[in-house]
Participant: 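Have a look at the structure that comes next, please.
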Protein chains: 2
Amino acid sequence: MDDAPPTKVTLVDIARMAGVGVGTASRALSNAKNVAPSTRARVLRVAEDHHYVVSPEASRLARGNTGRVALVVPHLSRWYFGSVVEGLDSVLRGADLDVLLYHVGGVSDRHAFFDKLPARRKVDAVVVVGFQVEEAERLRLETLGVQIVAAGGQTATYPSVHIDDHVASRQAVDHLIHVGHTRIAMLEAVDPDQPHLPSTRSPGYYEALAQVGIDVDPTLVVTAPWGGEDGAASMSRLLGHPSPPTAVFAHSDEVALGAIRTLRRAGLEPGRDVSVVGIDDHPLAALTDLTTVRQDPAHQGVLAGRMLLEMLDGKEPAEKSTTVDTELVVRGSTAPPRRRHA
Amino acid sequence: MDDAPPTKVTLVDIARMAGVGVGTASRALSNAKNVAPSTRARVLRVAEDHHYVVSPEASRLARGNTGRVALVVPHLSRWYFGSVVEGLDSVLRGADLDVLLYHVGGVSDRHAFFDKLPARRKVDAVVVVGFQVEEAERLRLETLGVQIVAAGGQTATYPSVHIDDHVASRQAVDHLIHVGHTRIAMLEAVDPDQPHLPSTRSPGYYEALAQVGIDVDPTLVVTAPWGGEDGAASMSRLLGHPSPPTAVFAHSDEVALGAIRTLRRAGLEPGRDVSVVGIDDHPLAALTDLTTVRQDPAHQGVLAGRMLLEMLDGKEPAEKSTTVDTELVVRGSTAPPRRRHA
DNA sequence: GAAGCGACTGGAAACGCTTCCAGTCACCAA
DNA sequence: TTGGTGACTGGAAGCGTTTCCAGTCGCTTC
């Protein structure tokens with residue numbers, strides 16, 4: 001009854017103290033069948049009294065699986081990634097899986113991860129958060145018997161959960177059009193690590209404009225990395241335009257906030273003078289009155305986690321690819337354009 | 001040479017193929033001493049060729065330690081926590097330790113964690129990020145032979161890394177005083193989970209005012225939870241004050257941003273009409289032109305990680321408690337007060 | 001030339017579980 | 001009674017390492 005004796009208690013001890021064989025003790029603790037209820041109770045009682053816990057190493061060694069899954073995350077300090085991980089953690093832990101964290105900064109780190117596979121033999125599955133893995137890398141995992149799921153980031157070859165970037169950008173741009181803008185700029189953002197990858201959020205912009213017959217002015221499209229400072233710089237370029245836009249569609253809230261700082265410093269009020277819309281609904285978007293398209297990364301994590309559990313159960317997941325909804329949230333940073341010469 | 005045969009290769013196989021005993025093979029792979037260089041090379045070569053990796057379970061079982069550390073984190077999606085974890089991860093992984101993530105939401109989750117100790121027998125050490133553990137809980141871990149370190153969050157009884165909240169708030173408030181404010185409000189924030197805990201950032205406020213002979217006006221101190229929305233609400237109350245402040249010291253950047261939204265909605269311009277200063281230097285602070293006191297959570301994580309490594313090496317850490325510096329960053333949200341009747 | 005030494009090696013004994021196999025036992029149907 | 005069944009049980013054989021112990025071997029050192 002006194003707290004946790006530092007001496008090591010093993011299953012054998014528990015079995016002896018409960019007056020049963022090790023086999024029975026093991027079955028009782030792992031609540032397998034074929035154990036008499038009274039026996040099970042007795043074993044459980046003894047284990048409890050002695051603060052006994054099975055040794056995971058021994059258990060896993062004997063069982064053959066690891067009971068762990070690796071989370072591979074690029075930018076943990078950013079809201080989106082942290083939220084996805086929170087969601088994942090909650091469902092995986094609920095299923096008694098342990099979560100091994102692998103923070104991989106840039107693209108080279110990611111490749112290094114899949115090359116050296118530090119998680120090798122340590123996990124039953126890998127969840128990649130917010131980026132794509134190359135087909136060769138995926139195959140490598142497959143031959144190793146490690147399952148893979150993507151949370152955030154669309155992909156055709158393995159199960160994933162993500163928003164529809166095309167829909168999201170349509171929601172944003174359609175809103176600007178709807179309130180009356182016609183001269184709409186886009187702050188397009190690319191991953192500075194792989195700037196050649198096309199933005200998945202720009203096709204919606206082009207499509208929205210085309211649909212209402214607005215000609216795209218290519219000088220109104222600025223591409224930069226996805227940092228806030230980059231957004232600010234891009235906006236500066238736009239302000240130097242001979243005929244500046246009345247509204248701006250930013251790739252993300254962060255980029256949008258950068259743009260807003262530039263506007264303010266130029267004496268322009270977002271919403272009143274220039275409308276700005278982002279994507280994400282970052283918690284600070286509400287605090288900065290930013291109109292945006294909301295996505296729920298924690299929920300994406302939850303769904304990805306559930307998908308993974310199904311796969312570990314041996315079932316094929318119901319859907320290889322799950323798309324979660326996004327929703328326009330109108331705040332103060334967008335409004336109808338000012339009348340000319342106002 | 002072809003990629004990863006799915007058949008299981010064990011140490012015994014490697015040993016046989018290299019023409020050595022298992023003992024020698026093991027020593028070669030774990031680069032222990034007493035192995036002839038040529039033998040080691042041969043073993044390594046064979047292992048390499050067959051994509052062999054030691055089974056962590058078996059290795060740990062035989063060794064007796066886990067090679068893992070648990071990170072217990074309350075709010076992964078927030079910048080501060082995510083950054084600390086990034087820092088921790090980098091140094092722990094560098095030392096070949098695996099990082100097990102435990103996301104614990106509220107205070108009750110935290111207690112549940114220490115009560116049930118899901119990490120029991122799974123880790124060699126625990127790092128708690130940004131909160132305190134109770135003495136009883138700490139002792140429990142100690143008797144289990146699990147080390148503990150705090151990253152962020154001051155504490156006397158176990159090693160920790162943190163900023164000096166008192167100094168930080170002095171830096172913020174001194175700045176306001178320095179530029180000429182005398183009517184300075186404080187938006188004090190408390191953990192909604194344990195609202196009884198005194199704020200560690202308010203004493204600096206009182207001290208700073210006292211030092212220059214400003215009487216504290218208690219109606220200028222508003223206490224609320226630490227969310228941005230709460231900051232906004234607190235600021236509203238302040239704006240209703242018969243003689244409102246010319247400057248506001250906010251417990252954190254997030255609270256400050258909430259306050260700023262309230263100001264803007266009331267037609268007041270931060271900096272020009274009311275000065276606002278926060279603490280953290282959240283990445284979005286730069287984007288919103290917020291004056292703040294910078295702290296570097298990733299670095300705190302790194303230091304905590306190093307401290308832990310020392311402890312796992314058996315050395316007492318050089319310092320039980322490490323304080324990292326903070327630094328005032330002046331931006332547009334603070335300025336001298338407007339002249340009366342301006 | 002015997003003894004001593006140090007570098008290296010092979011193999012067996014843990015490490016603490018899970019699971020398979022061979023029982024034992026009470027009970028029921030024929 | 002006999003045989004069959006099904007529920008339960010004990011113990012042994014792994015699981016894949018690490019590490020200890022007992023050697024072997026080639027050199028020194030008296």
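Letters go in sequence order (proteins before strands), and every chain restarts at 1. Note that the structure is a prediction, hence the values are computed from the model and not measured.
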Participant: Check every atom of D/dT19, D/dT9, D/dC15 against the side chain of A/L61 and return the nucleotide holding the closest atom.
Facilitator: D/dC15
Participant: Hey, are B/E135 and B/T157 close enough side-chain-wise for a donor-acceptor pair under 3.5 Å?
Facilitator: yes
Participant: Under a plain distance cut-off of 3.5 Å, with no hydrogens placed, do B/E142 and B/Q147 share a side-chain donor-acceptor pair?
Facilitator: no
Participant: Applying side-chain contact (heavy atoms from CB on, under 4.5 Å), can you list everything that pairs with A/A41, at least two apart in sequence or on another chain?
Facilitator: none
Participant: Tell me the interatomic distance from B/R16, atom CZ, to D/dG16, atom P, rounded to whole angstroms.
Facilitator: 13 Å
Participant: Consider the side chain of A/T39, meaning its heavy atoms from C-beta on, and name the nucleotide among C/dC17, D/dC8, C/dT9 that approaches it most closely.
Facilitator: D/dC8
Participant: Cation-pi check, A/R140 to A/F114: give yes when NZ or CZ is under 6.0 Å from the six-membered ring centre and within 45° of the ring axis, no otherwise.
Facilitator: no
Participant: Taking NZ from A/K33 and P from D/dG6, how many angstroms apart are they, rounded to a whole number?
Facilitator: 12 Å
Participant: Taking only the side-chain heavy atoms of A/S55 (C-beta and beyond), determine which of C/dC17, D/dG11, D/dG16 contains the nearest atom.
Facilitator: C/dC17
Participant: On DNA chain D, nearest-nucleotide positions of A/G19 versus B/Y52: which is more 5'?
Facilitator: A/G19
Participant: Write down the distance between CD (A/E57) and P (D/dG14), rounded to a whole number of angstrom.
Facilitator: 23 Å
Participant: Counting the atoms with a prime plus P, OP1 and OP2 as sugar-phosphate, which does B/S59 contact under 4.0 Å by heavy atoms, base, sugar-phosphate, or nothing?
Facilitator: sugar-phosphate
Participant: B/L11 has an atom CG; how far is it from atom P of D/dT17, in whole Å?
Facilitator: 5 Å
Participant: So if I take every side-chain heavy atom of A/A62 and compare against D/dT9, C/dC17, D/dC20, which nucleotide ends up nearest?
Facilitator: C/dC17
Participant: If the cut-off is 4.0 Å, is A/S26 near the phosphate of C/dC17, judged by side-chain N/O to OP1 or OP2?
Facilitator: no
Participant: How long is the line joining CZ of B/R63 and P of C/dG16, in whole Å?
Facilitator: 15 Å
Participant: For C/dG10, take OP1 and OP2 only and decide whether either is under 4.0 Å from a side-chain N or O of B/T24.
Facilitator: yes
Participant: Which of the following nucleotides, C/dT19, D/dA7, C/dT9, is nearest to the side chain of A/N34?
Facilitator: D/dA7
Participant: Tell whether A/R121 reaches the base of D/dG16 with its side chain through a donor-acceptor pair below 3.5 angstrom.
Facilitator: no
Participant: Roughly, in whole Å, what's the span from CD1 in B/I14 to C1' in D/dT18?
Facilitator: 16 Å
Participant: What is the separation between atom CZ on A/R60 and atom P on D/dT17, rounded to the nearest whole Å?
Facilitator: 18 Å
Participant: Are B/S83 and B/H299 close enough that a side-chain donor and a side-chain acceptor fall under 3.5 Å?
Facilitator: no
Participant: From CZ of B/R40 over to C1' of C/dC8, roughly how many Å is that when rounded to an integer?
Facilitator: 11 Å
Participant: Name the closest nucleotide to the B/R27 side chain, picking from D/dT9, D/dC20, C/dT18.
Facilitator: D/dC20
